[in-house]
Structures are given as C-alpha cells and as structure tokens.
Amino acid sequence: MRVLVTGGGGFLGRQAVAALKMLGAEVVAPRHAELDLLDPAARLRLPGADVLLHAAWVTRHGAYWTSPENLAWIGATLDLARRFVARGGRRIVFVGTCAEYGWALPGRAWDERRPCRPHTPYGAAKLLAWTALQELAVRRGVEVANARVFWPVGRHEAAERLLPSLIAAALTGRPV
C-alpha cells in the first residue's frame, strides 16, 4: 500500500509516517520546503498513492486559530483531494481537530455525535474542508475519514507550546 502523507514533517505527520513505515506501508511524505501545498502548481507534482493522509495545515503556534491561511487551506485541501482521486486514490484520511465541535455544550461527552459548531476560524475552516471531502467522496466513490485530534502533546512538539515551554523552564531553572 502506498500512502501519501501531507504534513509528514510536522508534529502529527511525523508520528504517522513512522507508524505507517513500521506497518510496512510505502510512504511518500514531501516536506513543505520541497512542496508548498498552497501553491496550485505544486499540487500538480504530487505523486499518486492508494491512501492520502492529509495532515498539512497552518499550525503556527498562537496564529493558527485566526490565520487567514485557514481559508486558503480549504481550497487547497479540496483541490488536493480531487487530484488524488483523479490519479486513482481510493481512501482519504483528513486530520481534523476538536475545534470543529461546539465547545459551549456543558455536560455532554466529546465524541463524534457532539454537534459541530466551531468557535474559531481554524475550526470552521477544518469543518468546511471536511464537508467538501464528504461530498467529493459521495460523488467520486472514495472512502473518507476525519481523524479529529484533541490537544496533542508529545515528542517533537514545538518548543513554544505549553508543555515543552514548562519543561524547558523547569530544566533550566527559569521561572515557570
């Protein structure tokens, strides 16, 4: 199985690439420096694959919640998916976010039945991209899944994020 991973050099994508390789998948994961997916011409150069794991998106710490790039990623995601399907791709896994859900619903478990009512441009853009992917799946007969991620932490996390910054402060004796 050949898997195209966008965002393969990022925090989540890097973990997915390693796991897929351990499972024996042939993984293609172009780095952003090599291939800017917001550039339509760059998307033409993507190779074919059986599965697309789309983990690329604007992720700059503190900026992604309201970044205007979120809007550009909606169109880029749909174009990427169309090109992937045109090359024979059959399954798309979209890396979504818990920000797609409504946060102001007290007393309700956070699962896939929770209403999607995003409160940020980031969550709204991810939800719009997911909605477009579902429509594409119906029209083109491909499988799609949304892997909505909730507050990831771990190895290779950006140093400016909360837990890495707290750990660094504690290790260096700086005030937390």
>> Quick one, Lys126 and Pro118 - any side-chain contact, counting heavy atoms below 4.5 Å?
In response: no

> Going by heavy atoms in the side chains, are Val28 and Val5 under 4.5 Å from each other?
Replying inline: no

> Between the side chain of Thr6 and the main-chain N/O of Ala56, is any donor-acceptor distance below 3.5 Å?
Replying inline: yes

> side chain to side chain contact (heavy atoms under 4.5 Å, CB included) with Val149: which residues, sequence neighbours excluded?
Replying inline: Leu12, Val95, Pro152

> Does a donor on one side chain and an acceptor on the other come within less than 3.5 Å for Glu100 and Asn146?
Replying inline: yes

>> Using a strict threshold of under 4.0 Å (side-chain N to carboxylate O), is an ion pair present between Glu26 and Lys21?
In response: no

>> A cation-pi test, strictly: NZ or CZ of Arg148 under 6.0 Å from the centre of the six-membered ring of Tyr101 and no more than 45 degrees from its axis. Yes or no?
In response: yes

> Is Trp130 close to Thr77 at the side-chain level, that is, under 4.5 Å between some pair of heavy atoms?
Replying inline: no

> Can you tell me how far CG of Leu38 sits from CZ of Arg43, rounded to the nearest 0.5 angstrom?
Replying inline: 7.0 Å

> Is Leu52 close to Val3 at the side-chain level, that is, under 4.5 Å between some pair of heavy atoms?
Replying inline: no

>> My understanding is that only residues two or more places apart in sequence, or in another chain, count here; which of them pass side chain to side chain donor-acceptor pair (under 3.5 Å) with Arg14?
In response: His156

>> When you compare the side chain of Arg87 with that of Pro47, does any pair of heavy atoms fall below 4.5 Å?
In response: no

> Quick one: are Trp73 and His54 in side-chain contact, heavy atoms under 4.5 Å?
Replying inline: yes

>> Run Trp151 and Cys98 through side-chain contact (heavy atoms from CB on, under 4.5 Å) and show every step you take.
In response: CA-CA 8 Å; Trp151 313 113; Cys98 61; 3.7 Å; yes

>> Going by side chain to side chain contact (heavy atoms under 4.5 Å, CB included), name the residues that satisfy it together with Ala81, two or more places apart in sequence or in a different chain.
In response: Ile92, Leu133, Leu136

>> As a quick check of understanding, evaluate side-chain contact (heavy atoms from CB on, under 4.5 Å) for Leu4 and Leu53, giving each step before the final call.
In response: CA-CA 6 Å; Leu4 172 60; Leu53 174 59; over 6 Å; no

> Would you call Arg83 and Asp79 a salt bridge, taking side-chain N to carboxylate O under 4.0 Å as the test?
Replying inline: yes

> About how many Å separate CZ of Phe11 and NE2 of His61, when rounded to the nearest 0.5 Å?
Replying inline: 12.5 Å

>> I'd like to know if the side chain of Asn70 pairs up with that of Trp65 as donor and acceptor (distance under 3.5 Å, no hydrogens or angles considered).
In response: no

> Counting distance only, does the side-chain N/O of Arg90 pair as donor-acceptor with the main-chain N or O of Asp50 below 3.5 Å?
Replying inline: no

>> Using a 3.5 Å distance criterion without hydrogens, assess whether the side chain of Glu34 forms a donor-acceptor pair with backbone atoms of Arg31.
In response: yes

